[in-house]
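Take a look at the structure below.
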2 protein chains.
Amino acid sequence: MSSRLREATSSLAYLLKHAQLQLAELTGPALAPFGITGRELAVLLTLTGCEPASQQQAAQRLGVDRTTMVGLVDALEDKGLVARRPQEGDRRRNVVELTEAGRDTLRRAGSAAAEAERQFLAPLSPAAAAQFTESLRTLVPPPAT
Amino acid sequence: MSSRLREATSSLAYLLKHAQLQLAELTGPALAPFGITGRELAVLLTLTGCEPASQQQAAQRLGVDRTTMVGLVDALEDKGLVARRPQEGDRRRNVVELTEAGRDTLRRAGSAAAEAERQFLAPLSPAAAAQFTESLRTLVPPPAT
DNA sequence: TATTGTTATACTCTATAACTATA
DNA sequence: TATAGTTATAGAGTATAACAATA
C-alpha cells in the first residue's frame, strides 16, 4: 500500500465523510415530521441518558462546545421540548430537563432515527452490521465525563 | 432497541462524526509538513486516479460541488502542485494535471496519510480493521462517474 | 439552448474571546 | 480567582443563483 496509489474515494476519510452524509440523508427526512434535527435529537438523548445535567455536562458528553450547546438548548426550549432552571446550590449552572412533550418527541423521533440507522446498515449482513457498529465503538473513545 | 433508549453517544451518527474528527486530528498534523490539507490530498488522489480530468469530473468523483472545486484547485495551483489548461476540442473545460512537484507531494503526503489511517485503525485487530473498511465500502456507493 | 468554469452570496457548524453572574 | 452561561465574531465547508465563454 505504500507504493501503490489508492484512489481518493477509497480513503478512510472519504468513506467516513460520505457514510455520514448518507446517514444524514436518511435521518433528516425521518425526523422532519417531528420538527427536530438529528443534532437536536442527540441533545435529547444525551439529556435523558444521565439525569438532570447542566448544559456544560451535556456539551461535554456530546462532544460539542458549550457555546454551541447554548443555541441547541435555545431551539429545543423554543419548541417546548426542554426547560432550563438554575441548579439549586450552584446558581451559575443551568439544569436542562426534558418536558413531557420532550419525552414524547424523544420516544417517537428516536424510533424513527433507529429505523433510519437500520435502513443505512441494510446493505450489510446482520453480523457485519453488528461488528461494524462494535468497531466504531472501539475506535471512538467514550466522552470524558 | 425500539423500546430501550440508546445513549446519544451510541448512535451511529455520533460514532461516524467522531470517528471522522479523530481521523482528521491524526491526518492534519501528518500532512502539515507537506503544506496541504486532507481535502487537498484527496483532490490530488482523485486527479491521479483517472487520467487528465476536467474540474467537474474531479468534483463529481470527490462528491463536492463544482463551485467548491474551483477554490480547491486554486489553492493547489498557487502551491504549484497542479496546472490548469483548456481541453483541446472543448475549450469550456479545464483539464487539471499534477505537476512534477504535485506528484512528488502526492507520493510523500499520501504515505503519511496512509500511516495516519493505520494509526487510527490500530485499536482494531488486522482482520477487524479490514472488515471495517470493507463494510464502509459496501455502505458508501462509488461516485457516479 | 446547454455546459463549464467562475463569482457572489448565504447558510450551517464550529471555535475563540470577551462579558455577566455567581461561587 | 475561577466557573457556567451567554454573546459577538470569525473561520471553515457547503450550496444556490447568476454571469461569461464555449459548444
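Below, chain A is the first sequence line, B the second, and so on; all start at residue 1.
- Distance Leu62(A) CG to dA15(C) P: 12 Å, rounded to the nearest Å.
- Nearest heavy-atom pair, Leu47(A) versus Leu98(A), reported as atom, atom and distance to 0.1 Å: CB-CD1, 3.5 Å.
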Distances under 3.5 Å only, N/O to N/O: pair up the protein atoms with those of nucleotides 2-4 of chain C.
{"from": "dT3(C)", "atom 1": "O4'", "to": "Arg92(B)", "atom 2": "NH1", "distance (Å)": "3.1"}
{"from": "dT3(C)", "atom 1": "O2", "to": "Arg92(B)", "atom 2": "NH1", "distance (Å)": "3.4"}
{"from": "dT4(C)", "atom 1": "OP1", "to": "Arg93(B)", "atom 2": "NH2", "distance (Å)": "3.2"}
{"from": "dT4(C)", "atom 1": "OP2", "to": "Gln56(B)", "atom 2": "NE2", "distance (Å)": "3.2"}
{"from": "dT4(C)", "atom 1": "O5'", "to": "Gln56(B)", "atom 2": "NE2", "distance (Å)": "3.1"}

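- One can place CZ of Arg91(A) at 24 Å from P of dA2(D), the figure rounded to the nearest angstrom.
- Contact detail for Ala116(B) and Ala30(B): the closest heavy-atom pair is CB-CB, 4.4 Å.
- Summarising the geometry, the separation between CE on Met69(B) and P on dT6(C) is reported as 11 Å, rounded to the nearest angstrom.
- In the interface, the side chain of Thr67(B) is not paired with the base of dT7(C) through any donor and acceptor atom under 3.5 Å apart.
- Of the residues in residues 79-89 of chain B, those placing a heavy atom less than 4.0 Å from an atom of DNA chain C are Arg84(B), in numerical order.
- Residues of residues 24-36 of chain B that place a heavy atom closer than 4.0 Å to DNA chain D do not occur.
- Smallest separation of non-hydrogen atoms from Tyr14(B) and Val140(A): CE2-CG1, 4.2 Å.
- Going from atom CD of Glu77(A) over to atom C1' of dG5(D) covers 13 Å, rounded to whole Å.
- The distance between atom NZ of Lys17(B) and atom P of dT12(C), rounded to the nearest whole Å, is 16 Å.
- Here the side chain of Thr68(B) pairs no donor or acceptor atom with the backbone of Val64(B) at under 3.5 angstrom.
- At least one donor-acceptor pair closer than 3.5 Å links the side chain of Lys79(B) to the backbone N or O of Gly35(B).
- Here the closest non-hydrogen pair linking Ala129(A) and Leu121(A) is CB-CB, 4.1 Å.
- Between Glu117(A) and Ala13(B) the shortest heavy-atom distance is OE2-N, 4.2 Å.
- Interatomic distance, CE of Met69(A) versus CD of Gln60(A), reported as 10.0 Å (0.5 Å rounding).
- Glu97(B) pairs with exactly one of Arg85(B), Arg84(B), Arg103(B) by the salt bridge (charged side-chain N to carboxylate O under 4.0 Å, His left out) rule, that one being Arg85(B).
- Among dT16(C), dT7(C), dT22(C), the nucleotide with an atom closest to any side-chain atom of Asp65(A) is dT16(C).
- Looking at every heavy atom in both residues, Val95(A) comes nearest to Gln87(A) through CG2-CB, 3.6 Å.
- At whole-Å resolution of the value, NE2 in His18(A) and C1' in dG13(D) are 13 Å apart.
- The separation between Leu72(B) atom CG and dA12(D) atom C1' is 12 Å, rounded to whole Å.
- Considering Ile36(B), Leu76(B), Thr48(B) in turn, Leu76(B) is the only one that fulfils the side chain to side chain contact (heavy atoms under 4.5 Å, CB included) rule with Val43(B).
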